[in-house]
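This report concerns only the one structure given below.
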Amino acid sequence: MYFSLTPKSSKENLYNRQKELSKLNEYSKTARIILITGIRRVGKTSVLKVFLEQMKNQGHSTVFVDCRIYEKINKFDRISFEKKLVTEFENIVQKNKGIFKMLAKINVAGVEINFEKLQKDRNLQDYLELINKALKKKDSKLFIAFDEAQVLRFYGRGGKDLLNLMAHVYDNLENIVVVLTGSELGVLHDFLNLEDANSPLFGRYVHKLLLERFQRSESIEFLIEGFKQIGIEPSIEKIEKAVDLLDGITGYLSIYGYTVYTTKDWENALQETEKSAIKIVKKELEALRLRSENYIFVLKAIGFGAETFSQVKNFVEARFGPMTDQTLSNNLASLQKMGFLEVNYKDGKKIYSINDPMIRRVLFD
């Protein structure tokens, strides 16, 4: 159903993302790297999982990795991450036993590799070489998806080891496609570093898809159709009130629909949804506060209506004490990269805004 709280994996449970799925299907034919971005809780993982399911139905192989579970306080559990990938690769091998039997001994990068030895050594590149060779024979592809891929910057030498592997896949393994998602768009772009001549991925073309939040009319329609789907008569007045509070963020709208579904209590559902959303955001802001209290000061300034650099600086200094231009500039840039702020331009000036209504709610509690 539309209101399930876990990421969707079937197209029937994904509302109004046909355009995005069509674009991804188009990309799948020629792309080597696909980048899916959007703010938190807008539905990136659901779109990714439905896309991967469609690829499976077309006879392709897929691997999905939630990168967040391997982050350990700005470190990366590389051993568990690689074990996960190798396990997934071995599953692909098991499903294609016939082809792999023919390839028991193959030549990889000029070196003969015995597959039984490969299973013991667990070398990612060698696995990918072998899988690519097998997929060529059956004219299919492997889609390796890294969800919240900005976390990979903690994988060995600032993520460079993994970027080198992606570059090798891009240049040499034409039957393997890498798909990346990220809520922290700026951080993810910094990690990929596509425009730096010293970056492993420099010069490679990346197909990009930006997932937008729902427009007001789409949010209302999402809730109406979702309630019809579960046999609940929609209350337009209450739906509009919910959309006013929750905006077009799919995650919050789904929590609201699910709360009505499970409690059958229209009167308190919005209040309960707000409580649930606030808990989620509080954890995120507390993690942000631990990195620097300045981030919270800046967000509060913008939440209170400060829009430009000078307005933010005046507010922060009046309420919380001195802050240099350089510190403020760094904080604004970081908050934008991490996905907490949106930036638009008006009369040539940067205008800052908070993109999540629940962040504003938590800041002023």
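Side chains are part of it too, since the values below use all heavy atoms of this structure and drop only hydrogens, waters and symmetry mates. Each residue takes its place number in the sequence, starting with 1.
In plain terms, the two heavy atoms of S219 and G248 that are nearest each other are OG-CA, 3.2 Å. Closest approach of P200 to A167, counting heavy atoms only: O-CB, 3.4 Å. Here the shortest heavy-atom pairing between L52 and T62 reads O-CG2, 3.5 Å. The shortest heavy-atom contact between L223 and F3 is O-CZ, 3.7 Å. Heavy-atom minimum distance, G339 versus N355: O-ND2, 2.8 Å. The shortest heavy-atom contact between V177 and A31 is CG2-O, 3.5 Å.
Between R41 and D356, some side-chain heavy-atom pair lies under the 4.5 Å cut-off. Between N268 and T263, every side-chain heavy-atom pair lies at or beyond the 4.5 Å cut-off. At a threshold of 4.5 Å between non-hydrogen side-chain atoms, the residues F89 and L142 count as touching. Residues N91 and S61 fail the side-chain proximity criterion, which asks for heavy atoms closer than 4.5 Å. In this structure, V47 and L14 have side chains that are in contact, with non-hydrogen atoms separated by less than 4.5 Å. Side-chain contact check for K228 versus P234: some heavy-atom pair is nearer than 4.5 Å. Between T6 and K49 there is no side-chain heavy-atom pair separated by less than 4.5 Å. I280 places none of its side-chain heavy atoms less than 4.5 Å from the side chain of R40.
Pairs passing the salt bridge (Lys or Arg N to Asp or Glu O under 4.0 Å) check and including a residue from residues 144-157, sequence neighbours excluded, read R157-D161. A ring-ring contact (aromatic ring centres under 6.0 Å, His included) check over residues 298-327, counting only residues at least two apart or in different chains, returns the pairs F297-F320, F304-F315, F304-F364. Sorted by first and then second residue, the side-chain hydrogen bond (donor to acceptor under 3.5 Å, both in side chains) pairs involving residues 198-210 (not counting sequence neighbours) are D171-R204. Listed by first and then second residue, the salt bridge (Lys or Arg N to Asp or Glu O under 4.0 Å) pairs involving residues 1-12 amount to none (not counting sequence neighbours). Applying the salt bridge (Lys or Arg N to Asp or Glu O under 4.0 Å) test to pairs two or more places apart or on separate chains, those with a residue in residues 313-330 are K313-E317, K313-D325. Sorted pairs that involve residues 328-350 and meet ring-ring contact (aromatic ring centres under 6.0 Å, His included), not counting sequence neighbours, are lacking altogether. Here ring-ring contact (aromatic ring centres under 6.0 Å, His included) pairs that include residues 256-292, with residues two or more places apart or in two chains, are F227-W266. Every pair passing ring-ring contact (aromatic ring centres under 6.0 Å, His included) that includes a residue from residues 40-76 is listed here, sequence neighbours excluded: F51-F143, H60-F143, Y70-F81, F76-F81, F76-Y155. Every pair passing salt bridge (Lys or Arg N to Asp or Glu O under 4.0 Å) that includes a residue from residues 246-265 is listed here, sequence neighbours excluded: R213-D247.
Side-chain atoms of S22 and Q18 form a donor-acceptor pair, as typed in the model, at a separation below 3.5 Å. Side-chain contact check for Q54 and N25: at least one donor-acceptor pair (N or O, by modelled atom type) lies under 3.5 Å.
At least one donor-acceptor pair closer than 3.5 Å links the side chain of T250 to the backbone N or O of V42. At least one donor-acceptor pair under 3.5 Å links the side chain of E218 to the backbone N or O of Q215. Under the 3.5 Å distance criterion, the side-chain polar atoms of N175 are left unmatched by any main-chain donor or acceptor of K141.
The salt bridge (Lys or Arg N to Asp or Glu O under 4.0 Å) with E174 is formed by just one residue from the set R32, K136, K133; it is K136.
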task = Could you walk me through whether V86 and E90 pass the side-chain contact (heavy atoms from CB on, under 4.5 Å) test, one step at a time?
result = CA-CA 6 Å; V86 167; E90 286 177 348; 3.7 Å; yes

Margin query: Before you tell me yes or no, could you show the steps for L285 and L363 under side-chain contact (heavy atoms from CB on, under 4.5 Å), namely the whole-Å CA-CA distance, both residues' side-chain angles and the distance that decides it to 0.1 Å?
Written below: CA-CA 9 Å; L285 292 183; L363 287 171; 4.1 Å; yes

* To do: Starting from the C-alpha separation in whole Å, work towards a yes-or-no answer on side-chain contact (heavy atoms from CB on, under 4.5 Å) for L246 and I255.
  => CA-CA 10 Å; L246 304 173; I255 292 173; over 6 Å; no

Steps toward side-chain contact (heavy atoms from CB on, under 4.5 Å) verdict (I302, L341):
CA-CA 9 Å; I302 294 167; L341 293 181; 3.7 Å; yes

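A salt bridge does not link K283 with E286: every distance from a Lys NZ or Arg NE/NH1/NH2 to an Asp or Glu carboxylate oxygen is 4.0 Å or more. Remark: D347 does not engage K349 in a salt bridge, criterion side-chain N to carboxylate O under 4.0 Å. With respect to the salt-bridge test (charged N to carboxylate O, under 4.0 angstrom), the residues E307 and K346 do not qualify. A salt bridge links K275 with E272; the closest basic N to acidic carboxylate O contact falls under 4.0 Å. A salt bridge links K84 and E88; the closest N-O separation between the charged side-chain nitrogens and carboxylate oxygens is under 4.0 Å.
Separating the NZ atom in K241 from the CG atom in D244 is a distance of 9.5 Å, to the nearest 0.5 Å. Within the model, atoms NZ of K23 and CD1 of I36 stand 12.0 Å from one another, a figure rounded to the nearest 0.5 Å. Distance CG/D77 to CD1/I69: 9.0 Å, rounded to 0.5 Å. Of the inter-residue distances, the one linking I92 atom CD1 with T87 atom OG1 reads 11.5 Å to the nearest 0.5 angstrom. To the nearest 0.5 Å, atoms CG (L5) and OG1 (T259) are separated by 7.5 Å. Going from atom CG of N193 over to atom CG of L163 covers 8.0 Å, rounded to the nearest 0.5 Å.
Residues satisfying the side-chain contact (heavy atoms from CB on, under 4.5 Å) test with N331, not counting sequence neighbours, are S292, N294, Y295, V298, T327. By the side-chain contact (heavy atoms from CB on, under 4.5 Å) test, E274 pairs with L245, I278, M358, R361, sequence neighbours left out.
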Using atom types as modelled, flag every donor-acceptor pair under 3.5 Å from a side chain in residues 184-191 to any protein atom, sequence neighbours excluded.
from : atom 1 : to   : atom 2 : distance (Å)
D190 : OD2    : K337 : NZ     : 2.7

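The hydrophobic cluster containing L180 also contains L162, counting ILVMFWY residues as joined when their side-chain heavy atoms lie under 4.5 angstrom apart, directly or transitively. Hydrophobic clustering (ILVMFWY, side-chain heavy atoms < 4.5 Å, transitive): I131 and M166 are in one cluster. A continuous path of Ile, Leu, Val, Met, Phe, Trp and Tyr side chains, each step under 4.5 Å between heavy atoms, connects F146 with I33, placing both in one hydrophobic cluster. In the hydrophobic clustering of this structure, L201 groups with I144; members are Ile, Leu, Val, Met, Phe, Trp, Tyr whose side-chain heavy atoms approach within less than 4.5 Å, directly or through other members. Hydrophobic clustering, with ILVMFWY side chains joined whenever heavy atoms are under 4.5 angstrom apart, keeps L211 apart from L35.
Counted within 6.0 Å of CD on E237, heavy atoms from surrounding residues, nucleotides or ligands total 12 or fewer; the atom is thus considered open. Within 6.0 Å of the CG atom in L290, the count of heavy atoms belonging to other residues, nucleotides or ligands exceeds 12.
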